[in-house]
There are 2 protein chains.
Amino acid sequence: MGKSATKDSDVARSTITAPKLAAKWRKLAEARCAAANERLTPARLAAYAELLASKRPVSAYELIALMEDRQQRKIAPLTVYRHLDFLTRVGLVHRLESTHSYLPCDHPEHAHESQYLLCSSCGHADEVESKPLESILNKIADQRGFQPENTVVEIKGLCASCATSDSD
Amino acid sequence: MGKSATKDSDVARSTITAPKLAAKWRKLAEARCAAANERLTPARLAAYAELLASKRPVSAYELIALMEDRQQRKIAPLTVYRHLDFLTRVGLVHRLESTHSYLPCDHPEHAHESQYLLCSSCGHADEVESKPLESILNKIADQRGFQPENTVVEIKGLCASCATSDSD
DNA sequence: TGGCGAACGTTATAACATATCATTTGAACC
DNA sequence: GGTTCAAATGATATGTTATAACGTTCGCCA
């Protein structure tokens with residue numbers, strides 16, 4: 001099968017659909033991939049666009065469902081895990097360890113650790129960039145001769161609006 | 001079967017075996033349970049003893065295997081998850097989010113957040129207690145009106161001894 | 001244009017976690 | 001001692017998250 005000029009796989013590739021992706025994000029993705037010497041394929045871009053289109057962090061299997069819905073075909077878990085792995089590797093996406101979910105980085109201009117406030121009520125994830133926090137984490141590691149590669153900071157609780165509406 | 005004075009279940013309960021548990025840890029467990037108004041059952045204590053006997057963090061399924069080996073009977077995942085849930089709840093055990101594993105708290109004298117240095121080479125988990133870190137985390141939450149309930153800090157990398165032996 | 005490594009697809013399975021419902025336990029009270 | 005009731009446990013099934021193994025396709029570049 002698929003020996004004609006237009007192969008099956010070409011069709012599959014050419015028909016990858018994705019949410020509309022603002023030029024800003026596409027350019028960012030291209031820049032990051034160029035910097036990391038990685039390929040930005042349509043499938044990878046589609047996964048990224050899907051995460052950007054979501055209001056909240058999504059699990060890998062939610063992402064599979066979203067992409068299957070949009071593209072009207074089966075997508076294997078491993079495929080999506082590879083996209084997520086790639087997007088995480090180049091710094092476009094962060095993984096939330098405590099909820100097993102993924103979301104686009106809010107401050108992707110530069111590489112940085114993942115630090116979040118996670119609301120257990122509404123599910124909102126608020127990315128934090130705190131120099132003092134980073135420096136204290138580095139200091140803790142340093143004092144113990146520990147070489148940090150990657151640090152997870154996830155503060156779970158109630159966000160301002162949920163806390164207000166709960167406690168009235 | 002089992003209608004005699006000594007029921008099967010009695011036998012099962014009475015035959016729960018566990019690693020030797022230093023009096024220090026047993027008393028701590030009793031104190032914590034009393035404080036939390038929770039029951040310290042033989043099965044819960046056995047799970048705790050097994051974690052204490054392990055040199056490294058263990059996954060839930062590793063713990064199942066350890067307990068099955070020691071007790072020579074099948075143990076359902078849910079059973080062990082309930083023990084882990086209990087031990088975590090009363091503060092005797094911490095869960096490592098980034099490795100899906102569990103380990104006894106090193107500083108169980110008082111309740112506190114879980115903060116670890118995790119070596120990706122040897123698997124060692126080094127518990128940290130840093131007041132400055134806690135105060136920064138609280139400040140970050142505070143500035144945003146966020147009410148923290150539980151915070152995860154996991155610094156992944158190479159511990160001092162692995163870093164040394166790797167980089168020679 | 002042919003060779004090569006990265007990316008992708010497919011199938012299967014491993015690893016982690018919870019739902020449901022029946023049964024047992026143990027402490028409190030009479 | 002017996003009754004009662006919530007907590008703990010057991011058994012079975014299932015849901016969720018993640019990876020292994022292996023072959024094919026893609027896209028670059030010599």
Side-chain angles (χ1 to χ4, degrees), chain A residues 1-16 33-34 36-48 57-68 71 73-90 95-102, chain B residues 1-16 33-34 36-48 57-68 71 73-90 95-102:
Chain A
M1 65 176 76
K3 300 291 189 196
S4 60
T6 302
K7 282 173 284 180
D8 288 354
S9 53
D10 288 342
V11 174
R13 281 313 198 78
S14 67
T15 56
I16 284 184
C33 291
N37 204 26
E38 297 260 21
R39 292 186 205 156
L40 183 62
T41 67
R44 287 170 166 181
L45 197 57
Y48 184 45
V58 298
S59 77
Y61 280 74
E62 284 169 348
L63 181 56
I64 291 171
L66 288 170
M67 295 184 72
E68 286 183 338
Q71 305 188 24
R73 66 188 181 95
K74 267 282 168 205
I75 297 180
L78 188 50
T79 301
V80 162
Y81 275 102
R82 284 194 281 225
H83 298 334
L84 288 171
D85 192 60
F86 163 81
L87 292 167
T88 304
R89 197 165 60 236
V90 299
R95 169 186 160 85
L96 300 179
E97 295 291 345
S98 57
T99 57
H100 303 173
S101 59
Y102 303 82
Chain B
M1 65 174 74
K3 300 292 187 193
S4 60
T6 303
K7 282 172 286 179
D8 287 355
S9 53
D10 288 343
V11 174
R13 282 312 199 78
S14 69
T15 56
I16 283 185
C33 292
N37 204 25
E38 297 261 20
R39 291 185 203 156
L40 184 62
T41 67
R44 287 169 167 182
L45 197 58
Y48 184 44
V58 299
S59 74
Y61 279 73
E62 284 169 348
L63 180 55
I64 291 171
L66 288 169
M67 295 185 73
E68 286 182 338
Q71 305 188 24
R73 67 188 181 95
K74 268 281 168 209
I75 297 180
L78 186 50
T79 300
V80 163
Y81 275 103
R82 285 193 281 225
H83 297 333
L84 289 171
D85 192 60
F86 164 81
L87 292 167
T88 304
R89 196 165 60 238
V90 299
R95 168 185 162 85
L96 300 179
E97 294 292 344
S98 56
T99 57
H100 302 172
S101 59
Y102 302 82

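Order of the sequence lines fixes the chain letters, A, B, ..., with proteins taken first and strands second; residue numbering starts at 1 for each chain. This is a predicted model, so every value here is computed, not measured.
Distance OH (Tyr48(A)) to P (dA7(C)): 18 Å, rounded to an integer number of Å. If you take CZ of Phe86(A) and C1' of dC8(C), they are 14 Å apart, rounded to a whole angstrom. Going from atom CG of Leu40(B) over to atom C1' of dT25(C) covers 15 Å, rounded to whole Å. If you measure from atom CG of Leu63(B) to atom P of dA17(C), you get 12 Å, rounded to the nearest angstrom. Rounded to a whole Å, the CG atom of Leu84(A) is 15 Å from the C1' atom of dA7(C). Counting to the nearest Å, the P atom of dT24(C) and the CZ atom of Arg44(B) are 19 Å from each other. Between Ile64(A) atom CD1 and dT10(C) atom P the separation is 13 Å, expressed in whole Å. The interatomic distance linking Asp85(B) (CG) with dT18(C) (P) rounds to 8 Å, in whole Å.
Using a 4.0 Å cut-off, no side-chain N or O of Tyr61(A) falls inside it from OP1 or OP2 of dT16(D). Applying the 4.0 Å criterion to OP1 and OP2 of dA17(C), one finds that Arg95(B) has a side-chain N or O inside that range.
In this structure, Glu68(A) and Arg73(A) approach most closely via the heavy-atom pair CG-O, 3.2 Å.
Distances from the side chain of His83(B) to the nucleotides dT9(D), dA18(D), dT19(D) place dT9(D) closest. For Ala76(B), whose side chain is taken as the heavy atoms from C-beta onward, the closest listed nucleotide among dT9(D), dT10(C), dA11(D) is dA11(D). If you check dA18(D), dG10(D), dT9(D) against the side chain of Thr41(B), the one that comes closest is dT9(D). The side chain of Arg39(B) sits closest to dG26(C) out of dG26(C), dT10(C), dT9(D). Between dA7(C), dG10(D), dA18(D), one nucleotide has an atom nearer to the side chain of His100(A) than all others, and that is dA18(D).
The aromatic rings of Tyr81(A) and Tyr102(A) sit perpendicular, their planes meeting at an angle over 60°, well past the 30° parallel limit.
Judged by closest nucleotide on DNA chain D, Glu62(A) is the one of Glu62(A) and Leu78(A) placed further toward the 5' end. Nucleotides of DNA chain C nearest to Thr79(A) and Tyr81(B) differ in position, and the one nearer the 5' end is that of Thr79(A).
Side-chain atoms of Arg44(A) and Arg82(A), non-hydrogen and from C-beta on, never get closer than 4.5 Å to each other. Ser101(A) places a side-chain heavy atom less than 4.5 Å from the side chain of Leu96(A).
If you check distances only, the side chain of Arg82(B) does reach the base of dG10(D) with a donor-acceptor pair under 3.5 Å.
Thr79(B) places no side-chain N or O within 3.5 Å of a backbone atom of Ile75(B) that could act as its donor or acceptor partner.
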